[in-house]
Trainee: 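Here you go, one structure.
Not measured: the values here are computed from a predicted model. We count residues from 1, following the sequence as given.
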Amino acid sequence: MSKQIIAYGAAVEKSTDGGTTWEAIPECKGIAVPVVETDYQDATSLDSPNGFREYVKGMKDAGVISVPCGYTAAGYEMAIADQALADPVQYRTTLKPAPDQTTGDTFEFSGFPTPSVEAGDVAGLVEMTISIRTTGDVTWTKGTAA
């Protein structure tokens, strides 16, 4: 039996008080999980073996992620208030538990949000995207086994 899960049932939350309290991002339509990339610095020299380039690991960066949401006045108000903060906002995504878990995996990171309202057609829903410029570490906590 497959242990895969769907995104429905996940929770995307944010905290502006250092993780003491968490608040759901309203009308969230996708999960927020940054992709951590590592820079590799070219360390090639005149005596690199057989003319091959050599690299050393550099800094990591989780980049900018986009969180799709349905537009609501309350959600937009929350996002622009977070954008005005001097300090980064903490984010937490908790996936629904897999069939062999009692709690789902959790991803936590910090970032600076920028909301944007998306244009749609006349009959479509008004959407909003929160772009988050991540800063610092991304942590993953495996869910509790059943």
Trainee: So do the side chains of Pro115 and Ile80 get within less than 4.5 Å of each other, counting heavy atoms only?
Mentor: yes
Trainee: Hey, could you give me each pair passing side chain to side chain donor-acceptor pair (under 3.5 Å) that has a residue in residues 66-76? Not counting sequence neighbours.
Mentor: none
Trainee: Are Lys57 and Gln41 close enough, and set up right, to give a side chain to side chain contact (heavy atoms under 4.5 Å, CB included), and what steps lead you there?
Mentor: CA-CA 6 Å; Lys57 275 189 167 187; Gln41 302 299 315; over 6 Å; no
Trainee: Could you tell me whether a side-chain N or O of Asp105 sits under 3.5 Å from a main-chain N or O of Gly143, the two making a donor and an acceptor?
Mentor: yes
Trainee: Provide the full list of salt bridge (Lys or Arg N to Asp or Glu O under 4.0 Å) pairs with a residue in residues 137-146, sequence neighbours left out, each pair given once.
Mentor: none
Trainee: Roughly how far, to the nearest 0.5 Å, is OG1 of Thr94 from CZ of Phe107?
Mentor: 9.5 Å
Trainee: Hey, are the side chains of Tyr91 and Pro113 touching, using non-hydrogen atoms and a 4.5 Å cut-off?
Mentor: yes
Trainee: Under the side chain to side chain contact (heavy atoms under 4.5 Å, CB included) test against Phe109, which residue among Ile65, Thr139, Val36, Val89 passes?
Mentor: Ile65
Trainee: Could I get the full list of salt bridge (Lys or Arg N to Asp or Glu O under 4.0 Å) partners for Glu13, not counting sequence neighbours?
Mentor: Arg92
Trainee: Using the test side-chain contact (heavy atoms from CB on, under 4.5 Å), find all partners of Thr103 that sit at least two apart in sequence or belong to another chain.
Mentor: Thr144
Trainee: Can you pull out every ring pair (Phe, Tyr, Trp, His ring centres under 6.0 Å) where at least one residue sits in residues 23-42? Sequence neighbours excluded, please.
Mentor: none
Trainee: Tell me whether Val117 is reachable from Val67 by hopping between hydrophobic residues (I, L, V, M, F, W, Y) whose side-chain heavy atoms are closer than 4.5 Å.
Mentor: yes
Trainee: Any ring pair (Phe, Tyr, Trp, His ring centres under 6.0 Å) involving residues 112-139? Give me the pairs, sequence neighbours left out, ordered by first then second residue.
Mentor: none
Trainee: Any idea which heavy atoms bring Lys96 and Tyr8 closest together, and the distance?
Mentor: CD-O, 2.9 Å
Trainee: Taking all non-hydrogen atoms of both residues into account, name the closest pair between Val12 and Gly30 and its distance.
Mentor: CG2-O, 3.7 Å
Trainee: Under the rule for side-chain contact (heavy atoms from CB on, under 4.5 Å), what residues qualify as partners of Ile31, not counting sequence neighbours?
Mentor: Ala7, Ala10, Val33, Thr93, Leu95
Trainee: Indicate every side-chain donor-acceptor pair of residues 118-135 with a distance under 3.5 Å to a residue at least two apart or in another chain.
Mentor:
| residue | atom | partner | partner atom | Å |
| --- | --- | --- | --- | --- |
| Glu118 | OE2 | Ser116 | OG | 3.1 |
| Glu118 | OE2 | Thr129 | OG1 | 3.1 |
| Asp121 | OD1 | Ala123 | N | 3.0 |
| Asp121 | OD1 | Gly124 | N | 2.7 |
| Glu127 | OE1 | Lys29 | NZ | 3.3 |
| Glu127 | OE2 | Lys29 | NZ | 3.0 |
| Arg133 | NH1 | Asp61 | OD1 | 3.0 |
| Arg133 | NH1 | Gly63 | O | 3.0 |
| Arg133 | NH2 | Asp61 | OD1 | 3.4 |
| Arg133 | NH2 | Asp61 | OD2 | 3.1 |
| Thr134 | OG1 | Gly63 | N | 3.3 |
| Thr134 | OG1 | Gly63 | O | 2.7 |

Trainee: Can you list every salt bridge (Lys or Arg N to Asp or Glu O under 4.0 Å) pair that touches residues 63-91, not counting sequence neighbours?
Mentor: Lys14-Asp82
Trainee: Would you mind reporting whether Asp39 and Lys60 have side-chain heavy atoms less than 4.5 Å apart?
Mentor: no
Trainee: Taking all non-hydrogen atoms of both residues, which atom of Cys69 and which atom of Pro26 are closest, and how far apart?
Mentor: CB-O, 4.0 Å
Trainee: Any pair with a residue in residues 45-54 that passes salt bridge (Lys or Arg N to Asp or Glu O under 4.0 Å), sequence neighbours left out, goes on the list, sorted by first then second residue, please.
Mentor: Asp42-Arg53
Trainee: Going by side-chain hydrogen bond (donor to acceptor under 3.5 Å, both in side chains), name the residues that satisfy it together with Thr21, two or more places apart in sequence or in a different chain.
Mentor: Asp17
Trainee: Apply side-chain contact (heavy atoms from CB on, under 4.5 Å) to Val35 and list each qualifying residue two or more places apart in sequence or on a separate chain.
Mentor: Glu37
